[in-house]
Number of protein chains: 2
Amino acid sequence: MGRRLTPRGEQRRGELLAYATERFATNGYHPTSVAELVDGLGVGKGVFYWYFESKEDLFLEILRSGERDLRRVQLDAMGDETDPVARMELAIRASMEWWATHRELYVLIEFARTEASFASGVRKGERVALEDTRRLVQEAMDSGAIADGNATVVAQAVLGVSSVLARTQVLGRGRPPSEVADEVIDFCWHGLLGRDAGQTRRTA
Amino acid sequence: MGRRLTPRGEQRRGELLAYATERFATNGYHPTSVAELVDGLGVGKGVFYWYFESKEDLFLEILRSGERDLRRVQLDAMGDETDPVARMELAIRASMEWWATHRELYVLIEFARTEASFASGVRKGERVALEDTRRLVQEAMDSGAIADGNATVVAQAVLGVSSVLARTQVLGRGRPPSEVADEVIDFCWHGLLGRDAGQTRRTA
DNA sequence: GGTGAACTTGACCGTCTGGTCAAGTACCGT
DNA sequence: ACGGTACTTGACCAGACGGTCAAGTTCACC
């Protein structure tokens, strides 16, 4: 929607975005009707269609702005650090903090991946995140800082650990993001066997 | 639905389950109507409600039977192996093979997590999987086979790496499950730093 | 105080939804 | 051949959905 908005308009639009995000996240996208959104805000239905072309358009807007914001936060966090391993660590910590303050987005992205009309958009965003990470992993492998291997797979594993622990520990149990970030980093860096243990190995 | 079914009935029910699984996975749960399901099978609408109480009931049935089957396959794979680390490895390999032959279930479970009416059921199943894994991790920690730490968090990290690589590598890129299982295990056991590399450490 | 653009209202529309049900058919044991 | 249960049909329903729009209101600016 290429509409010009006055400050008052911006505010309304923001209200709609915020309320819709919350409703979609707790009630689901499809079960939440446009009528429910405008009723919840105590406004007429026309308000919705003044600011958004459609329900789908609104949802895509929520997704896009969320992804954009997370990426910005990650890049900011990495700043001018040059060591790839340190950059990954900074990005992981920043992401964990971000998820803690944007809990609704997690479930929305997860949902978006499950429906044809949204999946391609999400995948595009994820390809960007993966490529960012893959580059760092490759760089670290080349310099011998980490073990050689398939950089894409390793990058995906790191992202997987981050997102699972963000979901279950930070969002699910409300644990402090920094603490969980420590655990993500410890697991990703050293694996199960850890720095020290790992003598009594298995048979299989 | 506690109905008694003849072999013919079982067959029909199976057709409905299979077709619905495919449609839900590719088109989404809500956008797929009951009418679309029965039309696709070329039967009357009454057939659907003869075998299932509701659309929701059908979906829950798909979820439940999937989770049950995966767990059975995992337990079978672990057989009578007693070493906890070896058991985890066997379960990971079996899961990866299972996902390769049940690709539709992945997206359905992911969707189910995003909607209030299904989320609790999924979480129950995930608690079971987590507890199975946590026990093995704890046992391995106690015996000194792996490094000490928060067993729940570590278990979740292992499950996270497995499921992310199942999704992206096995389902997304069609890579052989056994090969991806190797990578999951390598990453989870040794982390980024690996068996060998890891001298040139970071500054942060 | 008048003009026009930004914003808001809510009745209204066509379509589709999940679900029902009276009626009919296939098939089994006897 | 008959009786009964398993199964099938498809017209039908009430309600909800996303979306439209003519009419009205607010307000910044001249």
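Labels below follow one simple rule: chain letters A, B, ... track the order of the sequence lines, proteins then strands, and each chain is numbered from 1.
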Send over the distance from [X] [atom1] to [N] [atom2], rounded to a whole Å.
X       : N      : atom1 : atom2 : value
A:Tyr51 : C:dT9  : OH    : P     : 10 Å
A:Phe24 : D:dG18 : CZ    : P     : 9 Å
B:Asp39 : C:dG18 : CG    : P     : 12 Å
B:Arg13 : D:dA6  : CZ    : P     : 15 Å
B:Glu10 : C:dC27 : CD    : C1'   : 17 Å
B:Leu58 : C:dG19 : CG    : P     : 11 Å
A:Arg12 : C:dA5  : CZ    : P     : 22 Å
B:Leu5  : D:dT8  : CG    : C1'   : 14 Å

Checklist entry - Can you pull the ring pair (Phe, Tyr, Trp, His ring centres under 6.0 Å) pairs that have at least one residue in residues 73-93 of chain B, sequence neighbours excluded? => result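 Sorted pair list comes back empty.
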Next on the checklist: Can you pull out every ring pair (Phe, Tyr, Trp, His ring centres under 6.0 Å) where at least one residue sits in residues 63-99 of chain A? Sequence neighbours excluded, please.
Outcome noted: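 Only A:Trp98-A:His102, A:Trp99-A:Tyr106 qualify under ring pair (Phe, Tyr, Trp, His ring centres under 6.0 Å).
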Using a cut-off of less than 4.0 Å, is there contact between a side-chain N or O of [X] and OP1 or OP2 of [N]?
X       : N      : result
B:Thr6  : D:dT5  : no
B:Trp50 : D:dC7  : yes
A:Ser33 : D:dA16 : no

Next on the checklist: I need the full list of salt bridge (Lys or Arg N to Asp or Glu O under 4.0 Å) pairs touching residues 108-125 of chain B, with sequence neighbours left out, sorted by first then second residue.
Outcome noted: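 Listed by first then second residue: A:Glu110-B:Arg113, A:Arg113-B:Glu110, B:Glu110-B:Arg167, B:Arg113-B:Glu126.
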What nitrogen or oxygen pairs link the protein and nucleotides 19-22 of chain D at under 3.5 Å?
| unit_1 | atom_1 | unit_2 | atom_2 | d |
| --- | --- | --- | --- | --- |
| D:dG19 | OP2 | A:Tyr49 | OH | 3.0 |
| D:dG19 | OP2 | A:Lys55 | N | 3.0 |
| D:dG19 | N7 | A:Lys45 | NZ | 3.0 |
| D:dG19 | O6 | A:Lys45 | NZ | 2.6 |

Checklist entry - Closest to the B:Val43 side chain: C:dC7, D:dT9, D:dC7? => result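 The answer is D:dT9, which lies nearest to the side chain.
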Name all residues meeting the salt bridge (Lys or Arg N to Asp or Glu O under 4.0 Å) criterion together with [X]; count only those two or more places apart in sequence or in a different chain, and write none if there are none.
X        : answer
B:Arg175 : B:Glu179, B:Glu183
A:Glu10  : none
A:Asp69  : A:Arg72

Checklist entry - Angle class for the A:Phe118/A:Phe59 ring planes (parallel below 30°, perpendicular above 60°, tilted otherwise)? => result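 Taking A:Phe59 first and then A:Phe118, their aromatic rings sit tilted (interplane angle of 30° to 60°).
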Next on the checklist: So, using side-chain contact (heavy atoms from CB on, under 4.5 Å) as the criterion, who are the partners of B:Arg135 when residues are at least two apart?
Outcome noted: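 By the side-chain contact (heavy atoms from CB on, under 4.5 Å) rule, B:Arg135 matches B:Glu131, B:Asp132.
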Checklist entry - Quick one: do the B:Gln74 and B:Ser95 side chains pair a donor with an acceptor below 3.5 Å? => result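 Their side chains do contain a donor-acceptor pair, which is all the 3.5 Å distance test asks for.
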Checklist entry - So which of residues 14-21 of chain A are in contact with DNA chain C, with a heavy-atom cut-off of under 4.0 Å? => result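 Output list: empty, so none.
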